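Note that the structure is a prediction, hence the values are computed from the model and not measured.
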Amino acid sequence: MKRIAALVVVLVLTGCSTVESKDIRTSGITATLVVTLPEGTDAADVSASLRVGTLTFVELGDGEQITASGGGKDVGLRHRRAAGVTDCSNRLDGVVAPGTEITVELERGKDNDSAPRSTVRLPERVRLVAPVAGTTSSRRRDLVVRFESEPSQLPSILTWTGQCIRPGSLELEPGRTSATIARGSIKAAATTPTPGAAAPACQIDLTLTRRSEGTLDKAFKDGSVTAESQSVQRINSVP
């Protein structure tokens, strides 16, 4: 879901618009379809964003809908609009088993092509177990990160973000259940130093993401369909 969130921030800052779907052919639509496995829940969240270019969202009309199915269940995605961004979302309860195929279908009226089969398989879930939330870690020391997961052939990405540090990341090959962020890798954010002031400390988020790429229906112009599992721990970062 961070991909969607980042897109929202960019579009709010730059301005965006909405166009009615009746004016747009499916072959002109860029689709961003994201399935996420929220930490601590027994469900898969599905989100769909349809755009023309970067800043114009497509709003579906009467007789058009997006549905998601998998694991023997299906739901219609609900339309929502916030901060100028238009998308659709809903939840598939109880659908979390690794390898489960999720199908996202765009159904359109008789005058436009539908996109019935964008598919992606759920990845194995990940759960950060160390460091625990609230841990204080010095940037001058190695930081060992451990996580739990079923065996997987997919890589994972460990990222770190916070107000007082520069964003960073490590890519972990399949089979790993731990990683070491070497001392000095988490760097203080670039600021104008104040004479005599201590180096900054703040809370930072360690985020572990495992993502699988799917197959987008050929009726769309462009886009992506992905499924991801994430786990986040917030710790204290000090010099």
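- You'll find the side chain of Leu128 reaches within 4.5 Å of the side chain of Val145, heavy atoms only.
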Take Thr18 and Arg81 through the side chain to side chain contact (heavy atoms under 4.5 Å, CB included) test and state the conclusion after the steps. CA-CA 10 Å; Thr18 300; Arg81 181 186 293 180; 3.9 Å; yes
Could you go step by step and tell me if Ser237 and Arg139 meet the side chain to side chain donor-acceptor pair (under 3.5 Å) rule? CA-CA 7 Å; Ser237 178; Arg139 297 191 287 273; 2.9 Å; yes
Criterion side chain to side chain donor-acceptor pair (under 3.5 Å) on Ser17 and Thr56, from CA distance to verdict: CA-CA 5 Å; Ser17 60; Thr56 302; 3.3 Å; yes
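- Residues Ile157 and Thr159 come closest through the heavy atom pair CG2-CG2, 3.7 Å.
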Could you pull out every donor-acceptor pair under 3.5 Å between side chains of residues 23-30 and any protein atom, sequence neighbours left out?
unit_1, atom_1, unit_2, atom_2, d
Arg25, NH1, Asp111, O, 2.4
Arg25, NH1, Asn112, OD1, 3.2
Thr26, OG1, Arg108, NH1, 3.0
Thr26, OG1, Asp113, O, 2.4

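- Ser231 contributes atom OG, which lies 11.0 Å from atom CZ of Arg210 (distance to the nearest 0.5 angstrom).
- A distance of 8.5 Å separates OG of Ser169 from CG of Leu158, quoted to the nearest 0.5 Å.
- Checked by atom type, the side-chain pair Thr209/Gln230 shows a donor-acceptor distance below 3.5 Å.
- Between Glu213 and Val225, the closest side-chain pair of non-hydrogen atoms is not below 4.5 Å.
- Between Thr36 and Ser47, every side-chain heavy-atom pair lies at or beyond the 4.5 Å cut-off.
- Without hydrogens or angle criteria, Lys187 side chain to Ile165 main chain gives no donor-acceptor distance under 3.5 Å.
- Following chains of ILVMFWY side-chain contacts shorter than 4.5 Å, one can reach Ile102 starting from Ile66, so the two form part of one hydrophobic cluster.
- Salt bridge status for Arg91 with Asp45: present, with a side-chain N to carboxylate O gap under 4.0 Å.
- Gln163 CD: 12 or fewer foreign heavy atoms inside a 6.0 Å radius.
- Remark: Glu228 does not engage Arg125 in a salt bridge, criterion side-chain N to carboxylate O under 4.0 Å.
- With Ser69 as the fixed residue, the side chain to side chain contact (heavy atoms under 4.5 Å, CB included) test singles out one of Val75, Thr119, Thr103: Thr103.
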Evaluate Glu64 against Ser21 for side chain to side chain donor-acceptor pair (under 3.5 Å), listing each step before the verdict. CA-CA 9 Å; Glu64 299 181 319; Ser21 61; 2.4 Å; yes
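- Shortest non-hydrogen contact noted between Ser114 and Ala219 is O-CB, 3.5 Å.
- Residue Leu33 comes nearest to Ser118 through the heavy atom pair CD1-CB, 3.6 Å, listed as atom of the first residue, atom of the second, then distance.
- Remark: Ser149 OG to Leu172 CG distance equals 11.0 Å, nearest 0.5 Å.
- Considering Asp142, Leu143, Val144 as possible partners of Ile181, the one that fulfils the side chain to side chain contact (heavy atoms under 4.5 Å, CB included) test is Leu143.
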With side chain to side chain contact (heavy atoms under 4.5 Å, CB included) as the test, would you mind laying out the steps for Ile235 and Gln203 before giving the verdict? CA-CA 6 Å; Ile235 66 171; Gln203 291 184 323; over 6 Å; no
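- A single hydrophobic cluster is seen to contain both Leu60 and Val19, as judged by linkage of ILVMFWY side chains at heavy-atom distances under 4.5 Å, directly or through other members.
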Stepwise side chain to side chain contact (heavy atoms under 4.5 Å, CB included) check, Ser212 with Val120: CA-CA 7 Å; Ser212 59; Val120 66; 3.7 Å; yes
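- In this structure, Leu122 and Val95 have side chains that are in contact, with non-hydrogen atoms separated by less than 4.5 Å.
- The closest side-chain heavy-atom distance from Glu39 to Arg127 is below 4.5 Å.
- In terms of heavy atoms, Val35 sits closest to Ala44 at CG1-CB, 4.0 Å.
- Distance check: Leu216 CG to Thr32 OG1 gives 9.0 Å after rounding to the nearest 0.5 Å.
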Stepwise, does the side chain to side chain contact (heavy atoms under 4.5 Å, CB included) test hold for Arg51 with Phe57? CA-CA 4 Å; Arg51 306 189 317 278; Phe57 286 87; 3.9 Å; yes
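- Of all the heavy atoms in Gly162 and Cys202, the pair that sits closest is C-SG, 4.5 Å.
- For Arg183, the salt bridge (Lys or Arg N to Asp or Glu O under 4.0 Å) test picks out no residue, with sequence neighbours left out.
- Without hydrogens or angle criteria, Asp74 side chain to Ala68 main chain gives no donor-acceptor distance under 3.5 Å.
- Val104 places none of its side-chain heavy atoms less than 4.5 Å from the side chain of Asp217.
- By the side chain to side chain contact (heavy atoms under 4.5 Å, CB included) test, Pro155 pairs with Glu171, Pro174, sequence neighbours left out.
- Atom-to-atom distance recorded for Trp160:CH2 and Leu206:CG is 8.5 Å, nearest 0.5 angstrom.
- Taking the side chain as every heavy atom from C-beta outward, Ser89 and Arg78 never approach each other to under 4.5 Å.
- Considering only heavy atoms from C-beta on, Gln65 stays 4.5 Å or farther from Leu106 through its side chain.
- Distance alone, capped at 3.5 Å, is enough to place a donor-acceptor pair between the Ser138 side chain and the Arg140 backbone.
- Taking OG of Ser185 as the reference point, atom CZ of Arg166 lies at 12.0 Å (rounded to 0.5 Å).
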